[in-house]
Amino acid sequence: MSTQPSGKPPGFFKSILFLIPVFVAGPYLAISNHRALPTPLSALVDPRTKAPQISEERILNLTRYLSEDIGYRTIGSSEHAAADEWMGRQTAEIKEQCDRIVRSTGRALECEVWRQKGSASHRFDIAGKRVYKTYVDIPNHVLRISNGTAEGKANAVLVNAHLDSTLPSPGAADDALSVAIMLDIVRVLLNTNKWSPKHSLIFLWNGAEESLQDGSHLYATQHETRSTVRAVINLEAAGTRNRELLFQATSEEMIEAYSHVPRPFGTIFANEVFSSGILLSDTDFRQFEQYLDVTGLDMAVVGHSYFYHTRKDLVENIQPGVAQNMAENTLALLSYLSSSSSPLPNLSRNLTAVQEGEIHGAAARLRPKTVFFSYLGLFWTYSFTAAKFIYLLLALTSYGIVKTRFQPLPLRRAPTAKNAPPPEPFNLTNGIVAVIGGLVGAVIGPLLVAGGMFYMGKEMSWFKDTLTGPLILYAPPAGFGALLIQTVLPQVTERELLSAVLVLQSAFACVLQALDIGSAALLVLNAAPLFIVIFAFSHLAPPGKPVPITLAMYAAAGAVPLYNGALVLIPTLEVFVPLTGRIGGSLPSDFLIAAIVSLLSSLGVPLFLPFARRFSRPVALLLLASLTAAGIGSSFVRDTFSPDHPRRMFVLALEDTDTNKYTLHFGNQDTAPGMDEMMRDMADSFSQNAVLTKPKNFEEMEVGWDLVYPFSTVLKPYDMVIPNSFIEASPAYHSLWKLKFSIKATKDITLENGTRVLDLQIDHPGLIWPVLSFEAHVSSWSLDAHPPPSYERHWVREAAFHRVSTYTLSLSIEPHNNSTDLNIRWVGLQEGGTWPAKAQEYIAQKGRTKDAAVSMRVFEELDGWITGWSGDTVDATLLGAVKGTVNI
């Protein structure tokens, strides 16, 4: 019995030729929309209107000075101190300019500046790990622009960027670019005739984000203006290309405010993915939410994040137009939020409850019940309540149109009409089973290929081809899996499959939205065009005849899903593909990318199964199997890394003050092959007596990796024991750091109940980012009010301003096995011992450096060897560190 509608459909090649414009147009428009950037401007003033305008040239010049002339601004370094001094000059000049404008024009304008300096402690949880932070004399720079009245200062929007950079990077995009954008926005606002803010703007250039958000914590807990903040805009970067992405929006009012920017780029999908915690990433936005209980927007440049936290985060790699776009969008936001139309006075907060510990930011604030997305150049928003009503209506009408219009009418046979054609079969349940089964097969197929790549040792072959690499490898097996599973399911017709796709998408959208998952909008955007097409075609069909299924129907109903799928897939892969290069050597990167491609490809081509039903299934399976084999084969000739898509690794040269020995340690951040080979060649090249080992788990890892805890838990480590002769140290060498670093008890009392009360003073001259780790049952301490209520290991990290080398820690220890002894293992980073951050300084002072001379001598040779061996495809961060133990 035939299961195809009457009339022979066009063949495969004719069908493909007919639909090629649709296949190309949807993704092309999505890519064009994603990459659209404004023309960079150089002039400070619009030559036509004479009004001040954003100047990308000025922004990049400021960015270049901060990131390249000053350089790596690691907290505790001399470069960080230089950046702090430079920022102080910038705010002082702004204050002088503002005062001149007020004197000459009488505008209602007041600029106040602060250099905030403070110390405190806070708990920081990330990746399921608990870390305790102490910071000392961290600086922030704050500028408030208001109309000078108490009323104008009562409600403020805070805009934030951070001055510092992380260990491996000069931080041009992250975050010198945002620092410079804020400075240029201030220039434009101050020079705009008659502009006066109804509500104040607070610009925060915080001095310490990369040390686990110390600067934003300092402002949020100690600055005198913090109680006036009603909303925050956080500016960040994890990439160097394309438009900045709105990835956190925490209130309906701020989402509406974002609709006023000239080029919006954000979706509820990105918002929900980030808030899920899957990215293992965080920003200063967390501190403002947690300690100020304020709403806001978190925006970041994320395109091409291969250079994020590497030595290649340079101005030359920032795409033209990126700065212009981000600055113009932020300027529009601040102009709106400081105007009389601003929602700031209506944004409530509960500072008293926050101070009393009753509110913990994101945990207490309800997420916004608003669907939002940028689409076709516009920014769309509607409430969850409206979404639930609309989606339910779509689901009911979709089912209704399928049952009343699209389902074939039963044909009545006259008693004498023996040769009358049988009615076209229609079973919606079978169609639903087939579509769900197809989705399952579409996921299983790529996951099986990912397993095969793991077995063959070809993980991450797609890494340097952000979009095409994953699609070539994992899209064909998704189609193959979706079709193959149909061979064990009841046979269905093209009409049943089309009906099932419509009913399932609209029904799933209802279910997801009922669970307050706003990303259900993606399913509705896919289902709506299919509903419209079926509705329209049903009215064109002759009375009593089934609605014809034509290629025109596929073209009309498939174009929008292709566009939607590309809109979501492109930025998702843009974030996750580079991310796999820095999430660790033990996480299943291929399985993650395979799952993303399978699910989002299914979203982009929901009509794949009904369309494939028009042709021979064996032929379709053979074609998809061939494409799958070709994709797997291409992985064997494709290079995983390149200079523009580098592999990352940490190198740790560790001096042990207890044994007076040096060891080298290497940490790999990905699962791609080749690392074992490089390490073996390195050991052979540098010392015949070097011993290379691989720790089996985190517990066996060298204590020196505590420097980057908790990120050290995902590293794939290698240890290399080397003779002292390799580092030009004598066998009788004694570490001088033993005389410099000290932990001493300034108070040591044992109470009657056995509790030991200690005040510790830690001195670490010449070392930055010291980390203490110890096992104890701590009942109270100076870090926070709630230490873990059991005996366990604790990590305490400290960050301090340049040449600040003393801090204190108070704690009470309960007996464990009748002992309150405290064995502390410590590690610190040599301030002059990081490569490439201190490379130029070392080369210029070679022979005159002291503390870090041994590490830097090793790093100079190692870095050259790594670059030559890899062809500049490995970005290494080389850290000179010192460790030891102290018993209290």
Side-chain angles (χ1 to χ4, degrees), residues 62 66 73 75 80-102 108-120 122 135-164 175-176 178-187 189-190 197 199-209 211 213-235 284-285 287-288 291-292 294 296 334 337-338 344 351 355 799-802 804:
L62 292 169
L66 189 56
R73 305 172 305 286
I75 297 155
H80 182 259
D84 171 66
E85 182 182 359
W86 175 82
M87 194 67 240
R89 294 197 302 270
Q90 302 303 309
T91 55
E93 291 173 5
I94 290 170
K95 168 70 172 169
E96 292 175 6
Q97 180 190 13
C98 182
D99 290 346
R100 286 196 304 269
I101 291 172
V102 172
L109 204 59
E110 181 182 17
C111 296
E112 303 164 89
V113 299
W114 294 264
R115 181 186 182 270
Q116 181 189 21
K117 184 175 73 171
S119 308
H122 63 111
Y135 57 88
V136 183
D137 288 353
I138 291 296
N140 287 330
H141 292 269
V142 183
L143 164 68
R144 177 166 66 185
I145 303 178
S146 69
N147 59 15
T149 68
E151 181 184 5
K153 297 177 183 179
N155 301 297
V157 57
L158 174 74
V159 57
N160 172 76
H162 61 90
L163 274 168
D164 63 314
D175 198 26
S178 299
V179 168
I181 282 172
M182 287 166 57
L183 286 170
D184 206 51
I185 288 173
V186 171
R187 175 189 64 82
L189 291 174
L190 293 184
H199 306 290
S200 59
L201 301 176
I202 298 176
F203 294 83
L204 170 61
W205 293 275
N206 88 69
E209 190 266 354
S211 61
Q213 303 165 14
D214 295 328
S216 51
H217 178 271
L218 173 62
Y219 175 86
T221 58
Q222 299 184 36
H223 198 269
E224 63 186 80
T225 64
R226 70 189 189 282
S227 63
T228 67
V229 175
R230 299 292 176 265
V232 63
I233 298 171
N234 189 57
L235 304 181
D284 283 319
F285 195 81
Q287 302 299 318
F288 303 127
Y291 293 100
L292 293 181
V294 293
L334 295 179
L337 290 170
S338 62
L344 290 181
L351 184 60
Q355 292 172 336
F801 193 61
H802 185 50
V804 176

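- Among all heavy-atom pairs drawn from I138 and G215, the shortest one is CG2-CA, 4.3 Å.
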- Dump the intermediate steps for side chain to side chain contact (heavy atoms under 4.5 Å, CB included) on I94 and V113, then the final yes or no. CA-CA 9 Å; I94 290 170; V113 299; 5.7 Å; no
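- Closest of all the heavy-atom pairs between R230 and N155 is NE-OD1, 3.0 Å.
- Under the side-chain hydrogen bond (donor to acceptor under 3.5 Å, both in side chains) criterion, H141 pairs with D84, sequence neighbours left out.
- Checked against side-chain contact (heavy atoms from CB on, under 4.5 Å), T225 has the following partners two or more places apart in sequence or in another chain: W114, R144, I202, Y219, H223, T228.
- Among all heavy-atom pairs drawn from I75 and A799, the shortest one is CG2-CB, 4.1 Å.
- Using modelled atom types, no side-chain atom of N147 and backbone atom of A108 make a donor-acceptor pair closer than 3.5 Å.
- Residues L163 and L66 form a side-chain contact, since some pair of their non-hydrogen atoms from C-beta on lies under 4.5 Å apart.
- Taking both residues in full, the closest heavy atoms of D284 and N206 are given as OD2-ND2, 2.9 Å, listed atom of the first, atom of the second, then distance.
- With a 4.5 Å cut-off on side-chain heavy atoms, I145 and F203 count as touching.
- R100 pairs by the salt bridge (charged side-chain N to carboxylate O under 4.0 Å, His left out) definition with nothing, not counting sequence neighbours.
- Of the possible donor and acceptor atoms, one in the side chain of N140 sits under 3.5 Å from a partner among the backbone N and O of G207.
- Shown here are the salt bridge (charged side-chain N to carboxylate O under 4.0 Å, His left out) partners of E85, two or more places apart in sequence or in another chain: R89.
- In this view, H217 and H122, Y135, Y291 satisfy the ring-ring contact (aromatic ring centres under 6.0 Å, His included) rule, not counting sequence neighbours.
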- Task: Under the side chain to side chain contact (heavy atoms under 4.5 Å, CB included) rule, what do L292 and V232 come out as? Steps first, then yes or no, please.
- Result: CA-CA 10 Å; L292 293 181; V232 63; over 6 Å; no
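- Here the shortest heavy-atom pairing between A180 and L62 reads CB-CB, 3.7 Å.
- Between P139 and R115, some side-chain heavy-atom pair lies under the 4.5 Å cut-off.
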- Message: Determine whether N160 and N234 satisfy the following criterion, side chain to side chain donor-acceptor pair (under 3.5 Å), listing intermediate values before the conclusion.
- Response: CA-CA 5 Å; N160 172 76; N234 189 57; 2.7 Å; yes
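- To the nearest 0.5 angstrom, M87 atom CE is 12.0 Å from R73 atom CZ.
- The side-chain heavy atoms of E110 and V102, taken from C-beta on, include no pair separated by under 4.5 Å.
- Side-chain atoms of D175 come within 3.5 Å of backbone atoms of H162 as a donor-acceptor pair (strictly under, hydrogens ignored).
- Among all heavy-atom pairs drawn from A156 and S200, the shortest one is CB-OG, 3.1 Å.
- The side-chain heavy atoms of K95 and D99, taken from C-beta on, include a pair separated by under 4.5 Å.
- A heavy-atom distance below 4.5 Å is not found between the side chains of V157 and H199.
- The closest side-chain heavy-atom distance from I185 to L201 is not below 4.5 Å.
- For the pair S338/L189, no side-chain contact is recorded, criterion being any heavy-atom separation below 4.5 Å from C-beta on.
- Considering SG of C111 and CD of Q97, their distance stands at 8.0 Å, rounded to 0.5 Å.
- Here the straight-line distance linking atom CZ of F285 with atom CD1 of I233 works out to 10.0 Å at 0.5 Å rounding.
- Every residue meeting the side-chain contact (heavy atoms from CB on, under 4.5 Å) condition with D137, not counting sequence neighbours, appears here in chain and number order: K117, S119, F801, V804.
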